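Reading through the structure tokens given below for one structure.
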Protein chains: 2
Amino acid sequence: MIELTEQTKGRTAGCCNPDLAPRIGPDEAQQLSDDLGILANPIRLQILDMLAQRDGHVCVCDLEAALPVKQPTVSHHLRLLRAAGLIDCERRGLWVYYFVQRAALAALRARLLDRFDALGYSTEQHA
Amino acid sequence: MIELTEQTKGRTAGCCNPDLAPRIGPDEAQQLSDDLGILANPIRLQILDMLAQRDGHVCVCDLEAALPVKQPTVSHHLRLLRAAGLIDCERRGLWVYYFVQRAALAALRARLLDRFDALGYSTEQHA
DNA sequence: TGAGTATATTGACATCCTTCAATATACTTG
DNA sequence: CAAGTATATTGAAGGATGTCAATATACTCA
């Protein structure tokens, strides 16, 4: 009689690769998921797009005027993007000017690309 | 007296680029956001990773064994990934085998990269 | 046909996310 | 300091998302 391991206990044979495991661990998966999550919102994407357009700084009232949400919502998304390190701001008098953190954006892009390539092209080159 | 347009009405001058607008419209932003959203979950990332590893098909029981969530949850995420077109499945007898849709993954990757490059490198080349 | 296994679906619950009105804070200008 | 404007924060409401127990469905084998 064969001892069943915890892994295989309760599963019949015949279909299974009992040693299958993700190459990304839970922590890395969570980190990557957070990276993607901060981008996964139409307002935030549009904000990033506008900030990237005007490499010089952009004041909040312009963003507000160009977006289909109210001022507190714009402020909310700006805060999330700032907490994620993707943008930063600078106060000039009455106005606050936001700008993209290109280094952070580039790092995020690199992380996503690494993962994506590992995902899509590990065993075959093309569909 | 100067007529105020709808755009500039209610805003003072002095800080503003009144003609600022996102290059991505609401629809495209929503689509991109959906693309990112389907990836923005640790379980789904790990599922995609495992499916990409074994290019041959993988049965659900293996996924279930390797993931820290229960069977209905695995099934739920598989359904979302399938609805997004990123994976598909095939029944063989009692078991259902899932596999990556490499073409769809490649297309998604391309869409994200396009946007990302437009975002990060429109006016300057490096941080 | 009936018992058993693999996967899917349903329904409920908790948590997070988005949004906004109301309010607070920061700053300028008179 | 007072009044006015720009932005941030708070608190609440509604919707979306993730999870699981229970159950249903699909299939195999005796």
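Just so it is clear, the model here is predicted, and its values are computed rather than measured. Values below: all heavy atoms of this structure, side chains included; hydrogens, waters and symmetry mates excluded.
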What's the closest nucleotide to the [X] side chain, out of [options]?
{"X": "B:V96", "options": "C:dT7, D:dT7, C:dT5", "result": "C:dT7"}
{"X": "B:P72", "options": "C:dA22, C:dT19, C:dT9", "result": "C:dT9"}
{"X": "B:C61", "options": "C:dT7, D:dC20, D:dG18", "result": "C:dT7"}

Nucleotide [N], atom [atom2] - distance to [atom1] of [X] in whole Å:
{"X": "B:D88", "N": "C:dT7", "atom1": "CG", "atom2": "P", "result": "16 Å"}
{"X": "B:K70", "N": "D:dT23", "atom1": "NZ", "atom2": "P", "result": "17 Å"}
{"X": "B:D62", "N": "C:dT7", "atom1": "CG", "atom2": "P", "result": "8 Å"}
{"X": "A:E90", "N": "C:dA26", "atom1": "CD", "atom2": "P", "result": "18 Å"}
{"X": "B:W95", "N": "D:dC29", "atom1": "CH2", "atom2": "C1'", "result": "11 Å"}
{"X": "A:L67", "N": "C:dC20", "atom1": "CG", "atom2": "C1'", "result": "15 Å"}
{"X": "A:I38", "N": "C:dC16", "atom1": "CD1", "atom2": "P", "result": "16 Å"}
{"X": "B:I47", "N": "C:dT7", "atom1": "CD1", "atom2": "C1'", "result": "13 Å"}

Can you see if the side chain of [X] gets near the phosphate of [N] - specifically, an N or O under 4.0 Å from OP1 or OP2?
{"X": "B:N41", "N": "D:dT17", "value": "no"}
{"X": "B:Y98", "N": "C:dA6", "value": "no"}
{"X": "B:T73", "N": "D:dG18", "value": "no"}
{"X": "B:R91", "N": "C:dA6", "value": "no"}

**Prompt:** Below 4.0 angstrom, N of the basic side chain to O of the carboxylate: do A:E28 and A:R23 qualify?
**Reply:** no

**Prompt:** Are B:R109 and A:D117 ion-paired here, with the side-chain N under 4.0 Å from a carboxylate O?
**Reply:** yes

Any donor-acceptor pair under 3.5 Å from [X] side chain to [Y] backbone:
{"X": "B:D62", "Y": "A:L20", "value": "no"}
{"X": "A:R102", "Y": "A:A104", "value": "no"}
{"X": "B:Q53", "Y": "A:A21", "value": "yes"}

**Prompt:** So, does the side chain of A:Q71 form a donor-acceptor pair with the base of D:dA6 at under 3.5 Å?
**Reply:** no

**Message:** Quick check on contacts: within residues 75-87 of chain B, what sits under 4.0 Å from DNA chain C by heavy-atom distance?
**Reply:** B:S75, B:R79

**Asked** Which is true for A:R92 with a 4.0 Å heavy-atom rule: it touches a base, it touches only sugar-phosphate, or it touches nothing?
**Response** nothing

**Prompt:** Between B:Y98 and B:R82, is a side-chain contact (heavy atoms from CB on, under 4.5 Å) present by the stated rule, with each step listed?
**Reply:** CA-CA 9 Å; B:Y98 279 84; B:R82 202 155 95 88; 4.0 Å; yes

**Message:** Reading DNA chain C from 5' onward, which residue's closest nucleotide shows up sooner: B:L94 or A:A40?
**Reply:** B:L94

**Request:** Flag the pair B:L112 / B:L39 as yes when at least one side-chain heavy-atom distance between them is below 4.5 Å, and no otherwise.
**Result:** yes

**Prompt:** For the hydrophobic clusters of this structure (ILVMFWY residues joined by side-chain heavy atoms under 4.5 Å, transitively), does one cluster hold both B:F99 and B:L80?
**Reply:** no

